[in-house]
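Okay, so here's the structure we're looking at.
Values reported hereafter were calculated over all heavy atoms of this structure, with side chains retained and with hydrogens, waters and symmetry mates removed. Residue numbers start from 1 in every chain, and the chains themselves are labelled A, B, ... in the order their sequence lines are given, proteins ahead of strands.
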Amino acid sequence: MRIGYACLTVGVLETNFKSCMVKNSNEKKLLEIIEYNLKSLNNIIDYNIENNIKLFRISSDLIPLGSSSVNNIPWWEVFSSQISSIGSKIREADMRVSMHPGQYTVLNSPNEDVVLRAIQDLNYHNRILDSLGMDRKSKIILHIGGVYNNKEKAIKNFISNFQLLAQEIKERLVIENDHKSYNIGEALEIGRTLNIPVVFDNLHNEVLPCDISKDDQYWIRQCKETWEKEDGPQKIHYSQQDKGKRSGAHSNTIEIEQFMNFVGKIDDNIDIMLEVKDKNLSAVKCINSISKSKKIKALEVEWSKYKYNILEHSHLHYNKIREILKNKNEYPVIEFYKLIEEALNIEETIGSTVNAVLHIWGYFKSTATEDEKSKFIKLLKSYEEGKKPKDSLKKFLGKLAFKYEEYYLLNSYYFYL
DNA sequence: TGGGGTCAAGCACGG
DNA sequence: CCGTGCTTGACCCCA
């Protein structure tokens, strides 16, 4: 079982992507952004390897305006050495990468131009995976598209337009149920017809069920049959509902107890792509939680990254977690993450925020310049008086962390959660 | 016509 | 000049 996350990281340095608007684009700018983004991807892959993350979705924004004719740079040739070196790392690590065009890539549209652009977009995605040297187990996951007042016809359109794709793209393509138009039963029907795999998305199925008498495990078993040996292990998407938001909205983090309950009921030979706001943080959480061999060291590393966030929310939880990490022979992973989740759900107070801020300030108070000291005191005072938001204080500290190269802080989640 | 989804770019403001 | 906060872009379907 591999567990992974999509596209972006939280709290990992130099892994962001740049983009550019059509009206400002030129060759020089595009080349700069491509080079920058490839470096970021390289750093993400390094991070994944260090953290034993073996499943990852590559962002469609890797190449700016990648499927548009505005960008006619043969980037796969210009940057072939950078790309193939990233590809080698991925293969050596036995990492599985995939891609997922968004809701605007619509293969079954009655509008010919839209279909043409969808094909171009799929070519673009395929080119990335190809130039990385990935085999057909690296999938491109696509939604089925629109309904156009006639679902039967729309499905037929999807099936016939699929035939317009190049063979290697047909071999990579995977379809997924969505939360608006096509439920898992319909996705399965199309998948069986075209003989392509189907990804089951649990939250989409919750929002747009096919048959409420069937549980997730049933649909996962059904989808399993669409995955052939050459496609690699079955993949599913897993996410949890953000309770404060509209139905279908992804939660900030994967609640570990709910996840363990889910994972306990499914086959071990399944790859799970998490769709969640805190990205790699939840991936690491889930990987640590299903690990059978992990040592407490893994939790200590996690603790070093979370601790100032926990302090910011709840001193009580801060102490509790320190307590459960004392016994070096145990591995209280679920309890650990439950306490983290609980603490982060507690609304921070001005007092608890200031407490954490002062801990962070401790890194700088002897080295900061007089200017920085007075600015800090001023900022802290206006925060306490409710005149400035917490973020401006944290941003200021973040800049100091950069300037004074406090990597312990920069690699923690304090500035990102 | 605007919502839906997402992030970073771009812009307009304030000090 | 800086930092902050709001709007726009890129994409298409659907009510």
Should the ring pair [X] and [Y] be called parallel, tilted or perpendicular, given that the plane angle runs from 0 to 90° and is split at 30 and 60?
| X | Y | answer |
| --- | --- | --- |
| A/H143 | A/H100 | tilted |
| A/F158 | A/F162 | parallel |
| A/Y414 | A/Y308 | perpendicular |

First encountered from the 5' end of DNA chain B, between A/K180 and A/K279: A/K180

Phosphate OP1/OP2 of [N] contacted by [X] side-chain N/O (<4.0 Å):
| X | N | answer |
| --- | --- | --- |
| A/R117 | C/dC11 | no |
| A/S19 | C/dG9 | no |
| A/N24 | B/dG10 | yes |
| A/Y104 | C/dC13 | no |
| A/K388 | C/dG3 | no |

Looking for any heavy atom pair under 4.0 Å, which part of the strands does [X] touch: base, sugar-phosphate only, or nothing?
| X | result |
| --- | --- |
| A/S392 | sugar-phosphate |
| A/G146 | sugar-phosphate |
| A/S68 | nothing |
| A/K399 | sugar-phosphate |

Between [options], which nucleotide gets closest to the side-chain atoms of [X]?
| X | options | value |
| --- | --- | --- |
| A/V147 | C/dT4, C/dC14, B/dC7 | C/dC14 |
| A/P389 | B/dG3, C/dG5, C/dC12 | C/dG5 |
| A/S181 | B/dT6, C/dC14, B/dG10 | C/dC14 |

Closest-nucleotide ordering on DNA chain C, the 5'-leading residue of A/K23 and A/N111: A/K23

A/Y218 six-ring centre to A/K214 NZ/CZ under 6.0 Å and within 45° of normal: yes

Side chain proximity check, A/Q240 to A/L203, heavy atoms < 4.5 angstrom: no

